[in-house]
Amino acid sequence: MPRHWLFKTEPDAFSIDDLQRVGREEWSGVRSFQARNIMREMKLGDLGFFYHSSIQPPGIVGVCEVVAEAHPDSTQFDRKSEYWDPSSGRANPKWWCVDVGFVRKLPRMIPLDELRTIPALAYMPLLRRGQRLSVQPVTPQEWALILALVASEKSG
DNA sequence: GCCAACGTTGGC
DNA sequence: GCCAACGTTGGC
């Protein structure tokens with residue numbers, strides 16, 4: 001039974017269309033211990049919502065899949081990367097990440113505002129005031145409820 | 001090991 | 001561009 005997750009990204013940097021184009025992507029650059037620990041829990045085949053942040057409107061735009069379990073984030077060792085972390089070493093890497101693969105776009109974006117109107121989703125970290133986790137767990141109930149919002153709509 | 005200052009996130 | 005929230009850092 002796969003577990004479910006949510007991946008936030010700024011579409012200017014990496015969007016669902018980008019993921020569709022490249023097929024899979026190392027989810028590198030996450031520099032939060034909490035988010036790192038969440039990624040370490042992910043298993044091959046787990047599904048995730050793909051969420052666009054820092055645009056108007058923000059919302060869930062697609063579904064992705066964990067295609068590689070947590071491994072050291074390559075950007076932490078790359079001096080030329082903005083995510084280079086001189087305090088981390090290959091013998092004991094500080095930052096870990098999964099790879100995500102494209103599954104599908106939703107028939108339409110589900111805006112954050114719409115998610116807020118559903119009481120059963122009120123405990124999602126995404127909707128909690130001040131919660132800024134870039135990678136989050138999603139319960140099976142939340143997963144089913146959100147997909148049901150667009151289930152009857154035509155795929156686009 | 002406390003806690004104030006700082007930096008980042010991300011909706012608005 | 002603003003600013004609330006909150007994780008991290010660093011002085012002590």
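Letters A, B, ... are given to chains in the order of the sequence lines, protein chains preceding strands, and every chain is numbered from 1.
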**Pair of N/O donor and acceptor under 3.5 Å linking dT8(B) base with Arg132(A) side chain** = yes
**Prompt:** Taking the six-membered ring for Trp, are the ring centroids of Trp95(A) and Phe33(A) within less than 6.0 Å of each other?
**Reply:** yes
**Asked** Rounding to a whole Å, what distance do you find between Leu133(A):CG and dT8(C):P?
**Response** 10 Å
**Message:** How many whole angstroms separate atom CD of Glu82(A) from atom C1' of dT9(B)?
**Reply:** 14 Å
**Asked** Counting only side-chain N and O atoms of Tyr51(A), is one of them less than 4.0 Å from OP1 or OP2 of dG11(B)?
**Response** yes
**Sole candidate of Phe14(A), Phe102(A), Trp27(A) that passes ring-ring contact (aromatic ring centres under 6.0 Å, His included) when paired with Phe7(A)** = Trp27(A)
**Message:** Under 4.0 Å, heavy atoms only, any strand: does Arg116(A) hit a base, just the sugar-phosphate, or nothing?
**Reply:** sugar-phosphate
**Message:** What's the closest nucleotide to the side chain of Gln56(A) if the choices are dC12(B), dG10(B), dT8(C)?
**Reply:** dC12(B)
**Fill in**
Rounded to whole Å, CG of Leu6(A) lies from P of dG10(B) at a distance of 11 Å
**Fill in**
note: Leu126(A), atom CG; dA5(C), atom C1'; distance rounded to Å ~ 15 Å
**Prompt:** Got a donor-acceptor contact below 3.5 angstrom from the Gln136(A) side chain to the Leu126(A) backbone?
**Reply:** yes
**Prompt:** What is the distance, rounded to the nearest whole Å, between atom CD of Gln131(A) and atom C1' of dT8(B)?
**Reply:** 14 Å
**Fill in**
Rounded to whole Å, the CG-P distance (Leu127(A) to dA4(C)) equals 21 Å
**Request:** Using a strict cut-off of less than 4.0 Å between a Lys/Arg side-chain nitrogen and an Asp/Glu carboxylate oxygen, indicate whether Lys94(A) and Asp73(A) qualify as a salt bridge.
**Result:** no
**Asked** Of the candidate nucleotides dG10(B), dC12(B), dG7(C), which contains the atom at the shortest distance from the side chain of Gln34(A)?
**Response** dG7(C)
**Message:** How many whole angstroms separate atom CZ of Arg31(A) from atom P of dC6(B)?
**Reply:** 24 Å
**Item:** Side-chain H-bond candidate by donor/acceptor type, Arg132(A) with Ser53(A), under 3.5 Å
**Value:** no
**Message:** Less than 4.0 angstrom between a side-chain N/O of Lys8(A) and OP1 or OP2 of dT9(B), yes or no?
**Reply:** no
**Fill in**
His52(A) NE2 to dC12(B) C1', in whole Å, measures 19 Å
